[in-house]
Amino acid sequence: MAKTNPGRFFEHYRLGQVIEHAVPRTVSGGERALYHALYPARHALYSSDEFARACGLPAAPLDDLAAFHLVFGKTVPDVSLNAVANLGYAEGRWHHPVMPGDTLRARSTVIGLKQTSSGGSGVVYVRTEGRNQRDDLVLDYVRWVLVRKQDQGLPAPDPVVPDLKPALQAADLVIPQGLDFSAYDFAQAGEPHRWGDYAVGETIDHVDGVTIEEAEHMLATRLWQNTAKVHFDATFREDGRRLIYGGHVMSLARALSFNGLANAQMIVGLNGGAHANPCFAGTTVRAWSEVLDKAETKAPGVGAIRLRLVATSGGAPFELRGEDGRYLPHVLLDLDYWALMPL
Amino acid sequence: MAKTNPGRFFEHYRLGQVIEHAVPRTVSGGERALYHALYPARHALYSSDEFARACGLPAAPLDDLAAFHLVFGKTVPDVSLNAVANLGYAEGRWHHPVMPGDTLRARSTVIGLKQTSSGGSGVVYVRTEGRNQRDDLVLDYVRWVLVRKQDQGLPAPDPVVPDLKPALQAADLVIPQGLDFSAYDFAQAGEPHRWGDYAVGETIDHVDGVTIEEAEHMLATRLWQNTAKVHFDATFREDGRRLIYGGHVMSLARALSFNGLANAQMIVGLNGGAHANPCFAGTTVRAWSEVLDKAETKAPGVGAIRLRLVATSGGAPFELRGEDGRYLPHVLLDLDYWALMPL
Amino acid sequence: MAKTNPGRFFEHYRLGQVIEHAVPRTVSGGERALYHALYPARHALYSSDEFARACGLPAAPLDDLAAFHLVFGKTVPDVSLNAVANLGYAEGRWHHPVMPGDTLRARSTVIGLKQTSSGGSGVVYVRTEGRNQRDDLVLDYVRWVLVRKQDQGLPAPDPVVPDLKPALQAADLVIPQGLDFSAYDFAQAGEPHRWGDYAVGETIDHVDGVTIEEAEHMLATRLWQNTAKVHFDATFREDGRRLIYGGHVMSLARALSFNGLANAQMIVGLNGGAHANPCFAGTTVRAWSEVLDKAETKAPGVGAIRLRLVATSGGAPFELRGEDGRYLPHVLLDLDYWALMPL
């Protein structure tokens, strides 16, 4: 019996199947420092324990996307080792901030299966949960991937496509316990723009650019214990290039969005996301945002803002799709998320 | 209203203006570990809690230059986003060691303004203070930068050039509370040379060289939340090169100076500094030092030594300026600082 | 008197000489996070405090090879600055896990000296000990290096070659206090294969590959405060290439071996090791293992497994030596170690 993990193929998934992902992980100030070295992350709530306490949290959490990557990384050996494409995300919610000292583990449930018409692969839908050492739900999200079928002679499963929300409603969002922006310090946060200053439809060019190096995206991707060969092994692809983990572009774009959205502090909802085009080292990544929606919350001083975050490798800001409706070639990421912002 | 930060231009500064810089930062063992990965830092007081305790400190602080970079980084969006050149430093003092768990914030006061004769820019002098969560002064220093003027039709302000000390006197230096080198362990520190073994005028070639990679200087510069585009965006300069943050060269040279100055443990004064020539990835950086002055202190077993630290990209050691009085092209940094050393 | 360290030459070593290595080091979660960013390390015992506690340890230790590198790094300025070659390791034992907060220091004793027949160099054998702040022995190992002789006119010392074990016996291994694998969670560890599933002579191709960047190996090597010029200074070798620290390849191969040996949790013995060929940036490193021996231990649920771990830069797995008995050119590392595994 081979001892290495061949990954699962499409025919190995069953509807309702629960997969406990391996390798729990304890985080510390080390992961936080690395996040700040890898991305130009400046949101004050994640940078300063004092700022976080003034907002009602016990200390500065690990960045929300770092928590996402940690959970996502654990799913790779079980969900996407034989994936052809990462097709989408939906219904992502952050339920509990991750603090230094927390230990995260992850579990996925198969909630949909649909073989492709050619029969050579199929779409697998999983709902993944990340939990901490107290069994608190930290985050959950739905992800679907196109996975190769190994034995194409096997019959197709009954197709089941889960009914997923195109976007979370504000009422679906979980506001961290104690969060209070009524004494929010805009000077320390870095920008004066509050929730009321943003209008639905408004677009923001985040101006700055970052050129990515091979060492950087590999350090980041390894930090999340993501094991997909294509990110690390220059001999894996025929063109000798290492594909950058899509989550690296997510974190980079989110960090760049500080410039114009410094007060969009906490990510609490992931409505959807597309890795529109592959990204490779040497690319200079820029970002722009569009305000998609706004809503009030019950927490003191806290508003919710729904944002489209687009990462690009060139082109003009605010261009997304061509006349054919497809993403333009310089669009790397189209992310749709909810953040919390002071009123 | 544009939501991104355009930076301040020369006409936006007023004498006496106080700028509270954004994004406070809590440090942990993570920043210390990264500092040791980014620079060949070996000074024992910053490497070992046990060594630091034997010298009267509660634990090993974060490296003094890391504290400097953290404070400096916060000032970039407010002071040097539209800077043409970083002209100088003076009167820098470290007042309080930074320990893991501390949260730093920064504030600058405009202490001088002088428009250039051409009228297209002006020199801005700021005194910057870094403070911790207990409001202790951690460090302060004066820095002056040449900043572009946006509206050249505006009148020049009355020129005010602050009266700055060419060098701090030993009596100006702040010795950390409790510091005691009377039981200093030279074997664990790495070299036998004590304060009395160094003579004013003595020069030391630190021998070792480090070739810098793009990923390294960007990781470092981001870690200090320095947002200057020129360090990260390969499309920003016409030559497609990313300029290395001058502070990266400072930390690299200081770490290299361990070899010959292992006992120059704590940096407590910054008399001046010039980033003599730009530095780019691929450069192999070397360093040499010259003893400029020596003084006794009131702390037990503790002497002060004033050092010139020069970083180079080539050439012979101990060469600094050409016959025209200008820095030689291979000189990257000329730093003048005070350190504390066992008697 | 020159203040920089010229390193020791062969004639400077005396049998029985004890060298206290400089620069003690306190580790934190920062070093652990960096280890996870630098290597695809996934062994659960070192990733999760919860997992470690369920195995009877107080928390997740720093990876065993990180502890090795930290101790090894301290010896470089005293042992291998003028080394021509790192010839071998023997009798390495891990006695005590290293926890965040621990401070490590190192000491070596010269246990053998043998001048080469040409007289231009000699082999120095040292037994190195790493200890923590409580003076607990953390690890010890024997290493021998070929060191240049500076003054070839000096007489050769009496040759003394220590009697070293070709491999540790299982009874020689130190099992960490409290270690108990009787409730081991194979799902969280990542693989179902237990001690009984491995047969002596079995070989495992670890499948994955990692392409190394200059920034990565330099960050790692600096983190261990290893100062050997050849790793950092691109001008040092005539070919302009920086030699990768052999320990970087050790950690990379060990991390890759997770895929097939996820339950070989703790390294407790180092029987031997050869850096068969030099490694440079751009190399894609792969690994394979061979089970050399197995033994029971007295700890509940804990078996010992002796493994050969081979890192390669190409070629087919399981090829080690050519017909001439020499390592094949694509073999980078041949390591022989004992690990602890659940029964």
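So that the names make sense, note that chain A is the first sequence line, chain B the second, and so on, each numbered from 1.
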Worksheet item: Just wondering, more than 12 heavy atoms not from B:E319 lying within 6.0 Å of its CD?
Response: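 Result for CD/B:E319: enclosed.
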Worksheet item: With respect to chain C, which residue among B:E214, B:R286, B:E191 yields the maximal number of heavy-atom pairs within a distance under 4.5 Å?
Response: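 Answer, by heavy-atom pair count under 4.5 Å with chain C: B:R286.
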Item to complete: Give the member of B:V207, B:I212, B:I204, B:T284 that has the highest number of heavy-atom pairs under 4.5 Å with chain C.
Response: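 Highest number of pairs under 4.5 Å: B:T284.
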Does [X] use its side chain to pair, donor to acceptor, with the backbone of [Y] at less than 3.5 Å?
{"X": "C:T4", "Y": "B:H206", "result": "no"}
{"X": "C:K3", "Y": "B:Y198", "result": "no"}
{"X": "C:Q225", "Y": "B:A41", "result": "yes"}
{"X": "B:T211", "Y": "C:A234", "result": "yes"}

Quick one: what part of [X] sits under 4.5 Å from any heavy atom of chain C, side chain, backbone, both or neither?
{"X": "B:A189", "value": "backbone"}
{"X": "B:D205", "value": "backbone"}
{"X": "B:L45", "value": "neither"}

I need the contact set between [range] and chain C: heavy-atom distance under 4.5 Å, sorted by residue number.
{"range": "residues 243-264 of chain B", "value": "B:F258, B:N259, B:G260"}
{"range": "residues 26-40 of chain B", "value": "B:G29, B:G30, B:R32, B:A33, B:L34, B:H36, B:A37, B:L38, B:Y39, B:P40"}
{"range": "residues 335-343 of chain B", "value": "none"}

Worksheet item: With a 4.5 angstrom heavy-atom cut-off, which part of C:H21 approaches chain B: side chain, backbone, both or neither?
Response: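 Answer is backbone: N, CA, C or O of C:H21 sit under 4.5 Å from chain B.
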Practice prompt. Tell me, out of C:E20, C:E216, C:K74, C:K229, who's got the most heavy-atom pairs with chain B below 4.5 Å.
Written response: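 Going by pairs under 4.5 Å, I would pick C:K229.
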Worksheet entry | Worked verdict on B:D208 versus C:D233 for side chain to side chain contact (heavy atoms under 4.5 Å, CB included) | CA-CA 8 Å; B:D208 303 309; C:D233 180 348; over 6 Å; no
Discussion item. Restricting to non-hydrogen atoms, name the atom on C:R222 and the atom on B:V210 that form the minimum distance, rounded to 0.1 Å.
Written reply: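 Taking C:R222 first and B:V210 second, the nearest heavy atoms are NH1-CG1, 3.6 Å.
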Discussion item. Quick check on the structure: residues of residues 97-106 of chain C within a heavy-atom distance below 4.5 Å of chain B, by number.
Written reply: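 Residues of residues 97-106 of chain C touching chain B at under 4.5 Å: C:T103, C:R105.
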Discussion item. Are the side chains of C:P77 and B:R42 in contact, using a 4.5 Å heavy-atom criterion?
Written reply: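 Touching, per the 4.5 Å side-chain cut-off.
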Worksheet entry | Approximate separation, where rounding is to 0.5 Å, of B:R53 CZ and C:Q133 CD |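 B:R53 atom CZ to C:Q133 atom CD measures 8.5 Å (nearest 0.5 Å).
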